[in-house]
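These notes concern the structure reproduced below.
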Amino acid sequence: MTKYVITGATGHLGSQIVAQLAQRVAATSITLGVRTPAKAAAFAQQGMTVLPLDYREQASIVASLQNADVAIYVPSKSHDSFSRVTEFENVIVAAETAQVQHLIVMGFIADQVDNPFDLSAFYGYVPRRLAASNLSYTILRNALYADPLVPYLPELIERHNVIYPLGDASLSFISLAESAAAFAQVAVTPSLWTQSMYTLTQQRSYTMPALARVLSDVSGESIGYAPVTLSAFAQMYDAGNEGHMLASMYAGGAKGLLATVTDDYQKIMGRPAQTLPDFLAANLAGKS
């Protein structure tokens with residue numbers, strides 16, 4: 001039986017990857033490496049193996065990845081590239097030590113060499129480091145998640161405006177659920193491993209006026225576009241000390257570096273990703 005291992009399995013993306021993979025393979029073939037095993041109790045009850053994994057402790061990573069046929073690495077939520085590169089080094093060495101047959105790694109479209117995003121150094125490091133490893137691997141680069149737009153919409157309605165500091169640039173999106181489905185599909189489809197990198201996006205990107213029109217249509221409210229400055233955005237959304245990181249991401253977006261659109265999702269899933277208007281309408285209907 002093929003052994004699948006997922007790290008970061010209790011996070012937003014990781015938990016959805018687990019659910020998607022469980023639709024494709026037996027639960028008993030899935031091992032989860034998690035920081036807090038108690039959070040994965042529901043998965044354990046389904047027959048999955050749950051092991052403690054701390055990205056700072058290489059031995060725990062090796063133990064989780066031991067003899068994995070396919071391992072899926074979802075990074076931690078640390079806000080700086082140095083921390084993530086350090087954990088990724090531990091993962092790479094552990095995967096080689098554990099003789100992982102194929103490693104699937106989460107990437108992000110903000111990985112360009114001239115991108116000011118705080119984590120672009122990490123996401124740019126990922127493909128270069130993997131190329132220098134002895135591993136068979138696939139990188140799945142996500143566009144921006146569409147999901148946060150749903151809880152954010154009431155604030156935008158109250159403001160009557162989208163406020164992202166993007167200027168004339170556009171943003172590309174993918175939903176967490178569809179990203180997770182693509183991860184699971186690649187994991188169980190070795191023929192997809194011949195391509196070392198895929199970029200998961202919907203079929204188009206959106207300028208901020210276009211995004212405002214979509215949000216207006218799905219909400220029935222009038223929403224325009226009035227960007228704030230990068231420094232103001234950082235101050236407004238600094239919960240958890242994330243303000244600078246978020247602002248730096250949109251600084252890259254303003255340079256046109258978050259606008260990537262590909263047909264890779266359709267290559268993997270056999271159908272295009274759900275459109276942003278359809279995603280928002282479906283999720284808002286579920287909350288009404």
Side-chain angles (χ1 to χ4, degrees), residues 1-78 84-107 122 126-127 129-130 133-142 176-177 179-193 195-198 200 268:
M1 182 168 61
T2 301
K3 179 181 178 181
Y4 299 90
V5 178
I6 304 171
T7 72
T10 55
H12 293 302
L13 177 62
S15 60
Q16 294 207 36
I17 293 173
V18 175
Q20 287 288 335
L21 190 59
Q23 295 176 23
R24 293 164 169 80
V25 302
T28 51
S29 69
I30 301 173
T31 295
L32 310 181
V34 298
R35 180 77 178 271
T36 308
K39 292 183 178 180
F43 293 137
Q45 290 172 3
Q46 296 174 38
M48 301 176 196
T49 299
V50 177
L51 297 175
L53 183 152
D54 187 332
Y55 285 134
R56 298 168 298 180
E57 297 176 1
Q58 199 169 91
S60 73
I61 310 174
V62 173
S64 293
L65 298 182
Q66 199 65 51
N67 298 319
D69 295 292
V70 182
I72 300 174
Y73 163 62
V74 180
S76 70
K77 285 193 67 178
S78 53
R84 290 208 190 185
V85 166
T86 302
E87 78 172 43
F88 188 54
E89 278 298 320
N90 289 338
V91 170
I92 290 289
V93 174
E96 291 177 334
T97 302
Q99 299 183 325
V100 171
Q101 297 302 302
H102 191 76
L103 180 66
I104 299 173
V105 178
M106 189 198 87
F122 165 71
V126 164
R129 181 62 180 88
L130 285 167
S133 75
N134 297 320
L135 297 166
S136 170
Y137 65 89
T138 304
I139 302 165
L140 296 181
R141 298 166 76 232
N142 283 317
L176 271 166
S179 173
F183 271 80
Q185 192 65 26
V186 170
V188 301
T189 313
S191 61
L192 291 170
W193 301 350
Q195 183 170 324
S196 63
M197 183 181 292
Y198 296 91
L200 306 177
I268 295 169

- Counterpart residues, side chain to side chain donor-acceptor pair (under 3.5 Å), relative to T138 (two or more places apart): H102
- Only counting residues at least two apart or in another chain, list the ones meeting side chain to side chain donor-acceptor pair (under 3.5 Å) with S78. S76
At their closest point, which heavy atom of [X] faces which heavy atom of [Y], and how far apart are they?
| X | Y | value |
| --- | --- | --- |
| V25 | S29 | CG2-OG, 3.5 Å |
| A63 | L51 | O-CD1, 3.8 Å |
| A98 | V62 | CB-O, 4.0 Å |
| Q20 | A177 | NE2-O, 4.2 Å |
| G33 | S64 | CA-OG, 3.9 Å |
| A94 | I61 | CB-CG2, 3.5 Å |

Which residue pairs satisfy the salt bridge (Lys or Arg N to Asp or Glu O under 4.0 Å) criterion with at least one member in [range], sequence neighbours excluded?
| range | result |
| --- | --- |
| residues 44-53 | none |
| residues 86-97 | E89-R129 |
| residues 24-40 | R35-D54 |

- Item | Sequence neighbours excluded, every pair satisfying ring-ring contact (aromatic ring centres under 6.0 Å, His included) that has a member inside residues 16-71 | Y55-Y73
Below 4.5 Å, heavy atoms only, C-beta onward: do [X] and [Y] meet side chain to side chain?
| X | Y | answer |
| --- | --- | --- |
| V100 | V5 | no |
| T7 | V91 | no |
| V105 | L130 | yes |
| F183 | I6 | no |
| T10 | T36 | no |
| S136 | Q101 | no |

Can you tell me if [X] uses its side chain to pair, donor with acceptor, with the backbone of [Y] under 3.5 Å?
| X | Y | value |
| --- | --- | --- |
| W193 | L103 | no |
| S179 | L176 | no |
| Y198 | L192 | yes |

Rounded at 0.5 Å granularity, tell me how far [atom1] in [X] sits from [atom2] in [Y].
| X | Y | atom1 | atom2 | value |
| --- | --- | --- | --- | --- |
| I72 | I30 | CD1 | CD1 | 9.0 Å |
| M1 | T28 | CE | OG1 | 4.0 Å |
| K3 | T31 | NZ | OG1 | 4.5 Å |
| Y4 | I17 | OH | CD1 | 14.0 Å |

- Is the number of heavy atoms from other residues, nucleotides or ligands under 6.0 Å of Q99 CD greater than 12? no
